[in-house]
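One structure is given here, and the rest of the page talks about it.
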Amino acid sequence: MTVTASSPTAEAVWKKTTCILCESNCGVEVRIEDGHFTRIRGNKAHVGSKGYTCEKALRLDSYQNHRARLASPMRRRDDGTYEEVDWDTAIREVAARLVAVRDTHGGDKIFHYGGGGQGNHLGGVYGRGVQSALGVTYRSNALAQEKTGEAFVEARLYYAHTRGDVEHTEVAIFLGKNPWMSHGFPEARRVLKEIANDPDRATIVIDPRRTRSAELADHHLAVKPGTDAFCIAAILAILVRDDLCDDEFMAAHVADAEPVLDVLRSVPIDDYADRCGLPVAELEAVAHRIGRAQSCTIFEDLGIEQAPHSTLVSYLQRLIWIFRGSFAKPGAMFPHTAISQVSGSGGGKNRQRQTPVTGAPIISGLIPCNSIANEILTDHPDRFRAMIIESSNPVHSLSESDTFREAMRALDFSVVIDVAMTETARQADYVLPASSQYEKPEAIFFTNEFPDNVFTLRKPVLPPLVGTLSEPEIHSRLLEEMGAYTEDDLAGLREAAVEGRTAFATAFLEAVAANPSLTAVGASVLYRTLGPTLPEGMAEAAVVWFLAQTCAMNHPEAVERAGFVAGTAADGSDGNAGDALFDAIIESDDGVIFTRHLWPQAWDLLGVSEDRRMRVHIPQLLDLLRELPDAPRSYTSDAYPLILSAGERRSFTANTIFRDPDWRKTGRDGALRVSPADADAYGLVDGDRVRLTTRGGDTETPVEIDDAMQAGHISIPNGYGLDHPDETGEHQRVGVAPNELTELGWEDEIAGTPWHKHVPAQIERIA
Ligand SMILES: Nc1nc2c(c(=O)[nH]1)N[C@H]1C(S)=C(S)[C@@H](COP(=O)(O)OP(=O)(O)OC[C@H]3O[C@@H](n4cnc5c(=O)[nH]c(N)nc54)[C@H](O)[C@@H]3O)O[C@H]1N2
Ligand SMILES: Nc1nc2c(c(=O)[nH]1)N[C@H]1C(S)=C(S)[C@@H](COP(=O)(O)OP(=O)(O)OC[C@H]3O[C@@H](n4cnc5c(=O)[nH]c(N)nc54)[C@H](O)[C@@H]3O)O[C@H]1N2
Ligand code: SF4
Ligand SMILES: [Mo]
């Protein structure tokens, strides 16, 4: 498909890279003319995506080339406007301001947010060096407003992260997840269609809306919003009541099931079905379909992670596949390796840390996003005083945007590293412009597959925009300004790198042993020493050498089965398996299978690999399950009688990666979706404008009447409401910024994840 109509010219070249718009990072080929991506197609040779893309990838030029890209470091003036400064000045002043906060208040008062988006995680590894040199101990990122509930559960069940083999499963269950739009596993649409066309397999979608995924499903459980805990508890209760659990698996692999089964036996199934607005027979049909399947997978996402009882639901849904024994076999659930995993197996046992001011739980090392502003807007002596934000737009993406803005302005110092002058950048003291993801080596750590896991290192396909630097360069310059390492530390390593990988490995280990403080800034040390010996433009990939080494040490057999053995390094040296893996990663444009397991080895990747038993008795969550009957039947009121889902994924939404609203082919204005029943009740026709009010704020929006919505449920898309200059430089804003409507404190009781999908709201037609 043609993005920009133009005839091929002599300079036009096709290059391989990946799409960066969602975690799938599908392999693509881009035709580049005059700095623009003029055509984009799927890369059939990519080992993960095999040519698959969705419609969004075709618009990537709107990310690479747009009017709000930054091409100079910016410093905020007292009057709130920004002036351009040169890089030397910016690095010197940013380093000095951060060091001043550290020396006055302690490094633990400097808070770090972000570190990677949907396509860029390498920069985050380099950023760790700066954090370490400053003594930063508190961090967070977007995961702490979606995935920390499941992390809490998994850290107790089996100490690992699990996913599902959707491609081969008999019954695929999507819980608050619309994969047709949001993807999340390889070749999502192809797989959904394949299951739909196979009479021996089934899809179950649990979603209040009749999404495109729901339309393709064999069973669509159209629960009332926010009632998933009742729905899943009832399904579990039916599995137990009707003897549909895999007793053999449970006897061998489930520890302490009895107290859980006890609670499930007393679940009032009829009442719970009634609460979620579904006939008991429908829940029974679903439970029995799951109960007779050889395998099932469950994919939960924002529909339950950002709604009431979210951590409880993350727990209960896992009990379904655990009780069905759907683990460690084709079509089932699995843990996975990670190229970025620096320590041993599993997720590590949970030690519950808390935030310094509000005492909120820190899960997976991340402060709940909803707590951040409250850790700043206080006179508590331990409040955060400074913030480093990279590859993230929290003013737009976190609850209650106004309060986050206020928190940023209340800091002694803030710096944002981004490609664009974002909503967040506009609150920072300094903004440092990064080269785009197509102008530097980049990669994601999201590929979480099994038995074969894939890693794709992208090569730059364009030169850096003049005035920008890659994050590895920015972080290394900050470290050098702070004196975190010296030229003397590097000289010997540089020489060894020229000699070859084996010599370098020895020299690196010796250097770190002699000066342990180099470990923390190891990424930059590698970048400055090994980096220059890598192919042109690939110096930033230096840290991947270390990741490959670690991976080969953590998973020797699986790396060997993937074809990487000692003595096969491309430079002809006697490099080890990690070197061979690194060479393959550097050379390939099509992704590399870096670990290859056998299904039963899934057990080895769990933190409970000694006894191979999942610990299903989690007292805190079981208490919540017991208390479920007392939970409110509804969160609406006379003032706010509707439930707003604030942030739906649609065809043309991609977080805030695209800033120019013209990238959208459809849905340009990001209308509020309203059911026909509500349209009648409020006297609305398509295209009418309404005032949309929540406790958090109010706005105006056009409406779209959509018979996929249930009565009482309304929905706005995510990623809209960005300020973007038009041709004349005038700022325009299209659509609603969802977090102008959300509110801090409206969140899960365990993980503090926000209830963005469940915001009480009111609408009123604007005459
Ligand atoms: N097109 C596109 N794709 C994306 C993204 C994007 O911005 N645009 N972003 C990526 C990111 S960061 C993420 S995290 C994923 C998110 O991917 P998803 O979680 O699939 O996306 P959402 O549309 O936010 O929410 C999923 C569904 O939850 C439903 N829902 C709302 N309330 C409830 C409820 O109470 N119960 C249940 N069961 N369901 C409910 C909604 O109707 C919606 O269909 O998408 C990724 N992919
Ligand atoms: N109300 C509501 N809020 C939500 C959601 C919702 O459904 N509803 N969804 C939530 C979810 S699941 C997520 S994941 C978050 C996402 O929100 P954020 O974590 O804020 O992420 P993005 O919107 O993806 O922003 C990525 C940023 O990285 C910048 N960027 C792009 N390339 C580069 C680069 O190479 N280097 C650097 N340094 N920066 C770069 C972009 O300009 C952009 O500012 O939003 C969350 N917020
Ligand atoms: S948006 Fe996601 S599914 Fe679509 S092409 Fe990009 S990476 Fe693939
Ligand atoms: Mo997300």
Side-chain angles (χ1 to χ4, degrees), residues 18-28 40 42 48-49 52-60 63-64 66 68-70 113-120 122-124 127 140-147 179 181-189 301-303 305-306 369 389-401 416-425 431-440 442 444 446 468-471 474 644-649 651 653-659 696 716-719 722 736-742 753-757 759:
T18 78
C19 175
I20 54 153
L21 297 174
C22 83
E23 64 177 304
S24 297
N25 273 219
C26 301
V28 294
I40 297 178
S49 59
Y52 176 92
T53 69
C54 73
E55 62 279 8
K56 293 189 295 298
L58 307 176
R59 318 298 282 183
L60 280 166
Y63 161 75
Q64 175 58 29
H66 66 78
R69 269 203 72 183
L70 285 163
Y113 189 84
Q118 300 295 302
N120 54 323
L122 272 196
S140 199
N141 60 42
L143 292 174
Q145 47 84 68
E146 48 175 330
K147 304 286 178 260
M181 286 305 171
S182 65
H183 305 270
F185 55 92
E187 303 178 84
R189 290 177 182 172
D301 217 334
L302 301 183
E305 289 170 351
Q306 298 188 334
C369 290
I389 300 176
E390 43 186 325
S391 294
S392 199
N393 189 1
V395 162
H396 189 274
S397 59
L398 300 193
S399 305
E400 217 173 285
S401 293
V416 164
I417 304 174
D418 204 295
V419 293
M421 198 65 192
T422 65
E423 289 64 30
T424 305
V431 188
L432 303 179
S435 309
S436 88
Q437 299 190 38
Y438 294 107
E439 300 166 350
K440 64 197 173 201
E442 257 302 357
I444 50 160
F446 282 144
T468 66
L469 296 176
S470 69
E471 287 84 351
I474 295 172
L644 167 72
S645 283
E648 177 194 334
R649 270 67 186 162
S651 266
T653 69
N655 287 1
T656 67
I657 303 165
F658 287 131
R659 300 194 58 86
I716 52 167
N718 83 315
L722 302 174
V736 175
N739 291 307
E740 305 290 350
L741 295 169
T742 56
T753 39
W755 291 356
H756 289 330
K757 305 293 156 181
V759 180

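Counting starts at 1 for both ligands and their atoms, following the listed order. Just so it is clear, the model here is predicted, and its values are computed rather than measured.
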Does the distance from a Lys or Arg side-chain N to an Asp or Glu carboxylate O, for Lys757 and Glu305, drop under 4.0 Å?
no
Given Glu442, which partner from the list Asn120, Thr18, Ile20 fulfils the side-chain contact (heavy atoms from CB on, under 4.5 Å) test?
Asn120
To the nearest 0.1 Å, how far is atom 7 (O) of ligand 2 from its closest protein heavy atom, and which atom is that?
Arg649 NH1, 2.7 Å
Which protein non-hydrogen atom lies closest to atom 19 (O) of ligand 2, naming both residue and atom, and how far is it?
Ser392 OG, 2.9 Å
So is there a nitrogen or oxygen of Thr422 less than 3.5 Å from a nitrogen or oxygen in ligand 2?
no
Per the side-chain contact (heavy atoms from CB on, under 4.5 Å) rule, which among His183, Lys56, Arg59, Gln118 passes with Leu21?
Lys56
Specify side chain, backbone, both or neither for Glu648, according to which of its non-hydrogen atoms lie closer than 4.0 Å to ligand 2.
neither
Relative to atom 16 (C) of ligand 2, which among Asn141, Asn655, Thr653 owns the nearest non-hydrogen atom?
Asn655
Note: ligand 2 atoms sitting under 4.0 Å from heavy atoms of Tyr63 are 31 (C), 32 (N), 33 (C), 35 (O)
Counting only N and O atoms by type, is there a donor-acceptor contact under 3.5 Å from the side chain of Asn393 to the main-chain atoms of Thr424?
yes
The option among Leu143, Thr742, Asn393 carrying the non-hydrogen atom nearest to atom 20 (O) of ligand 2 is Asn393
Would you check if atom 4 (Fe) of ligand 3 lies under 2.8 Å from any N, O or S atom of Cys19?
no
Without swapping roles, check the side chain of Tyr113 against the backbone of Ala142 for a donor-acceptor pair under 3.5 Å.
yes
Does any N or O of ligand 2 fall below 3.5 Å from an N or O anywhere on Ile417, backbone included?
yes
Heavy-atom distance to atom 26 (C) of ligand 2: which of Pro394, Ser391, Gly117 wins?
Ser391
Below 3.5 Å, N or O to N or O, backbone or side chain included: is there any such pair between Ala434 and ligand 2?
no
Quick one: which of Glu471, Glu442, Glu146, Gln64 has a heavy atom closest to atom 37 (C) of ligand 2?
Glu471
Any salt bridge linking Lys147 with Asp301? Criterion: basic side-chain nitrogen under 4.0 Å from a carboxylate oxygen.
yes
Please determine if Leu302 has a nitrogen or oxygen closer than 3.5 Å to a nitrogen or oxygen of ligand 2.
no
Could you tell me, atom by atom, which parts of ligand 2 come under 4.0 Å of a heavy atom of Lys440?
34 (C), 35 (O), 36 (N)
Of the side chain and backbone of Gln145, name the one, both, or neither that has a heavy atom under 4.0 Å from an atom of ligand 2.
side chain
If we set the cut-off at 4.0 Å for heavy atoms, which region of Asn120 has an atom near ligand 2: side chain, backbone, both, or neither?
side chain
Glu23 with Arg649: basic N within carboxylate O range, under 4.0 Å:
no
Hey, is Gln306 touching ligand 2 through its side chain, its backbone, both or neither, going by heavy atoms under 4.0 Å?
side chain
Metal check, atom 8 (Fe) of ligand 3 vs Cys22 N/O/S, cut-off below 2.8 Å
no
Taking heavy atoms and a distance under 4.0 Å, where does Ala142 meet ligand 2: side chain, backbone, both or neither?
side chain
For atom 25 (O) of ligand 2, what is the nearest protein heavy atom, given as residue, atom name and distance?
Thr656 OG1, 3.3 Å
With a cut-off of 4.0 Å, which atoms of ligand 2 are near a heavy atom of Ser435?
35 (O)
Only heavy atoms count here, so choose which of Val419, Leu644, Asp418 is nearest to atom 43 (C) of ligand 2.
Asp418
Give yes or no for whether the N/O distance cutoff of 3.5 Å, strictly under, is met between Asn739 and ligand 2.
yes
Report yes if Asn718 has an N/O atom closer than 3.5 Å to an N/O atom of ligand 2; otherwise report no.
no
At a 4.0 Å threshold, what atoms of ligand 2 neighbour a non-hydrogen atom of Ser397?
3 (N), 4 (C), 15 (C), 17 (O), 18 (P), 20 (O), 45 (O), 46 (C), 47 (N)
Can you list the ligand 2 atoms lying under 4.0 Å from a non-hydrogen atom of Pro738?
1 (N)
